[in-house]
> 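Sharing a structure here in structure tokens format.
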Amino acid sequence: MSSMNSERTDGPAVALVDCTSFYASCERVFNPKLADKPVVVLSNNDGIVVAASKEAKAKGFVLGTPFFEIEERVRAGEAYAFSSNYTLYGDLSRRVMETLSLFSPDMEIYSIDEAFLNLRGVTPPERFDAYGREIQRTVRRWTGIPVSVGIGETKALAKIAQHIAKKSPKTGGVLNLAGSPYREQALARTPVEDVWGVGWRFAKFLHRQGILTALDLSRAEDSWVKKHMTVVGLRLVRELRGEPCISMDMAPSPKQQICVSRSFGKLITSRREMDEAVAEYTSRAAEKLRRQHSAAGAVMVFLMTNRFRDEPQYSDSTVIELPVPSDCTQELIRYATAGIGRLFRTGYRFNKAGVVLTGLVPDTEVQLDLFDTKDREGSRRLMRALDEVNTRLGAGTLRYAAAGTIQRWRTKFKRRSPRYSTRWDELPVAGM
DNA sequence: TCTGGGGTCCTAGGACCC
DNA sequence: TCTGGGGTCCTAGGACCC
């Protein structure tokens, strides 16, 4: 029995755990020299800054900055810069998530570096803060990754709490707003553009309406919100008031579309190189497709020139429907190449292309076409063998000739750190 | 001149996320 | 020389059906 004079209600609460500057922290795990140093991590092709340690941010390195604009400062030793090493980040993410799963039976992995935990089983609510700190300590000790933790009655409030925890040192990276008298204060000090689900477009609109903070937004009228921000906005506003509307997604469903697109390491002008790149991207997409046991009903391909350059621009896309959904790489390459044939124009310098597999269905439910003469069982065995070899001996061990061998257009990663945790030949060396 | 009404399905485009 | 990649959800509007 709860005591008579207690006003608190032991309602639902969720924690949001977010890895601090995740990619930069990953680089530090196997390279202790980098501790407390400014570290930035670059996107594919060493294009822009996608992660920066707080030391790097303090020195004025800003997310989204093209690398060429900061290259000089990096050479001068103002920061350590790394190409993206997704193999390493993926592996460390898995370790973090495994650790987190011990703290709640209900966890939603929200992104590579974030997870929501249902705290239903953690009572009384006075324990939330200590529990958050225990999560933080454990993840740090077991994986080497620093995290911040926000707790609230809803996911949106947990996001607000985490946002404040990350920024204000005196919280030590953990803030609980569930059942807290500071909730309103927290909403009042959160600019509306920092609210989860408010992007730059709605932020601009809300500012014009005089809605400047999360608190203002939480007090907006339902019908007005629904009219201007659809039901998505309404759900968000209710969450800010402490009413759970966005449920936890514990078992992610298979993806509805699979996309592989990349900028080239050098501009492409020839049809042959474009065909190679698209064949390569299609192979990667087909691997993802088979990993989730789906088949694709349609292939979309697109290509584009570099919009930042002052030269003739062209971009287009096209969709090819398959007669029968397929997960077979060579068949998908054939359709993708046919699509590129429709789109390709000489006289342009192409910067990027991509392949999107859509109309996905479970591979067990493929509707066979009466006139389909293809040996489906044979190609299925071939794909299984291909995937097995590539899993065992490393990605790209077996590839399609259509993707080319020299691949001068391949994305550049000049500053990649070793894949310490997943490659025997790139293990870290201790001592010496 | 005046051309129903309601339901469903699909797609393109917009908004958002990390 | 050099500017990322991969997703989701919702809505409006058109096609189509009775």
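The chains referred to below are lettered A, B, ... by the order of the sequence lines, with proteins before strands, and numbering in each begins at 1.
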> How would you label the contact of A:Lys412 with the nucleic acid (heavy atoms, under 4.0 Å): base, sugar-phosphate, or nothing?
nothing

> Check this one for me: any side-chain N or O of A:Lys414 less than 4.0 Å away from OP1 or OP2 of C:dC2?
no

> If a pair means Watson-Crick or G-U wobble with both distances below 3.5 Å, what does DNA chain B look like in dot-bracket form, with | marking bases paired to a different strand?
....||||||||||||||

> Identify, between A:Asn351 and A:Lys288, the residue whose nearest nucleotide on DNA chain C lies closer to the 5' end.
A:Asn351

> Give the rounded distance in Å between these two atoms: CD of A:Glu108 and C1' of B:dC18.
13 Å

> Is it the case that the side chain of A:Thr99 and the backbone of A:Arg95 share a donor-acceptor pair, with hydrogens and angles ignored and the cut-off at 3.5 Å?
yes

> Can you check the A:Ile70 CD1 to C:dT3 C1' distance for me, whole Å?
12 Å

> With sugar-phosphate meaning primed atoms plus P, OP1 and OP2, does A:Lys266 contact a base, only sugar-phosphate, or nothing at under 4.0 Å between heavy atoms?
nothing

> Identify which nucleotide among B:dC16, B:dC18, C:dG5 has an atom closest to any side-chain atom of A:Glu114, counting heavy atoms from C-beta outward.
B:dC18

> Among C:dC2, C:dG4, B:dC18, which nucleotide sits nearest the side chain of A:Ser43?
C:dG4

> Looking at A:Arg183 and A:Arg241, would you say the former's side chain and the latter's main chain have a donor-acceptor pair under 3.5 Å?
yes

> For the side chain of A:Phe202, starting at C-beta, report the closest nucleotide among B:dC16, B:dC18, C:dG5.
B:dC16

> Would you please indicate if the ring centroids of A:Phe264 and A:Phe350 are separated by under 6.0 Å?
no

> Encode nucleotides 7-12 of chain B as B, S and - characters from 5' to 3', where the letter depends on protein heavy atoms closer than 4.0 Å: B to the base, S only to sugar-phosphate, - to neither.
------

> Think A:Ser111 has a side-chain N or O under 4.0 angstrom from the OP1 or OP2 of B:dC17?
no

> Does a side-chain N or O from A:Arg309 land closer than 4.0 Å to OP1 or OP2 of C:dT1, or not?
no

> Students often get this wrong, so: under 4.0 angstrom with heavy atoms, is A:Asp46 touching a base, only sugar-phosphate, or nothing?
nothing

> Would you mind reading off the distance between A:Met229 atom CE and B:dG14 atom P, rounded to a whole angstrom?
18 Å

> Can you label the angle between the A:Phe205 ring and the A:Phe202 ring as parallel, tilted or perpendicular, going by 30° and 60°?
perpendicular

> From the options A:Glu239, A:Glu114, A:Glu153, select the one residue that forms a salt bridge (Lys or Arg N to Asp or Glu O under 4.0 Å) with A:Lys159.
A:Glu114

> How long is the line joining CD1 of A:Ile109 and C1' of C:dG6, in whole Å?
17 Å

> Counting any heavy atom closer than 4.0 Å, what does A:Gln256 reach on the DNA or RNA strands: base, sugar-phosphate only, or nothing?
sugar-phosphate

> Answer yes or no: are there more than 12 heavy-atom neighbours, outside A:Arg189 itself, under 6.0 Å from its atom CZ?
no

> Regarding A:Tyr89 and A:Glu27, is there a side-chain donor-to-acceptor distance under 3.5 Å anywhere?
yes

> Starting at OH of A:Tyr86 and ending at P of C:dG4, how long is that distance when rounded to a whole Å?
11 Å

> Between C:dC2 atom P and A:Asp310 atom CG, what is the distance in whole Å?
13 Å

> With DNA chain C as reference, determine whether A:Lys226 or A:Phe308 sits nearer its 5' end, using the nearest nucleotide of each.
A:Phe308

> Counting side-chain heavy atoms from C-beta on, which of C:dG6, C:dT3, C:dC2 comes nearest to A:Leu267?
C:dC2

> Below 30° counts as parallel, above 60° as perpendicular, anything between as tilted: where do the rings of A:Phe30 and A:Tyr420 land?
parallel

> Counting any heavy atom closer than 4.0 Å, what does A:Val195 reach on the DNA or RNA strands: base, sugar-phosphate only, or nothing?
sugar-phosphate

> Take A:Ser421 and A:Asp91 through the side chain to side chain donor-acceptor pair (under 3.5 Å) test and state the conclusion after the steps.
CA-CA 7 Å; A:Ser421 59; A:Asp91 187 55; 2.7 Å; yes

> Starting at OH of A:Tyr110 and ending at P of B:dC18, how long is that distance when rounded to a whole Å?
5 Å

> What's the CG-P distance between A:Asp18 and B:dC17, to the nearest Å?
14 Å

> Is NZ or CZ of A:Arg73 both nearer than 6.0 Å to the six-membered ring centre of A:Phe61 and within 45° of the ring axis?
yes

> State which of B:dC18, C:dG4, C:dT3 makes the closest approach to the side chain of A:Phe68.
C:dT3

> Indicate whether OP1 or OP2 belonging to C:dG6 is found under 4.0 Å from a side-chain N or O atom of A:Arg262.
yes

> When you check the gap from the basic side-chain N to the acidic O, do A:Asp18 and A:Lys166 get nearer than 4.0 Å?
no

> Taking only N and O in the side chain of A:Asn306, is any of them less than 4.0 Å away from OP1 or OP2 of C:dT3?
yes

> Within the 4.0 Å heavy-atom criterion, would you say A:Leu42 contacts the bases, only the backbone, or no part of the nucleic acid?
nothing

> Which class fits the ring pair A:Tyr23 and A:Tyr86: parallel under 30°, tilted 30 to 60°, perpendicular over 60°?
perpendicular

> Does A:Arg284 reach a base, just sugar-phosphate, or nothing at all? Heavy atoms under 4.0 Å.
nothing

> Please give the distance between the P atoms of C:dG14 and B:dG4 as a whole number of Å.
16 Å

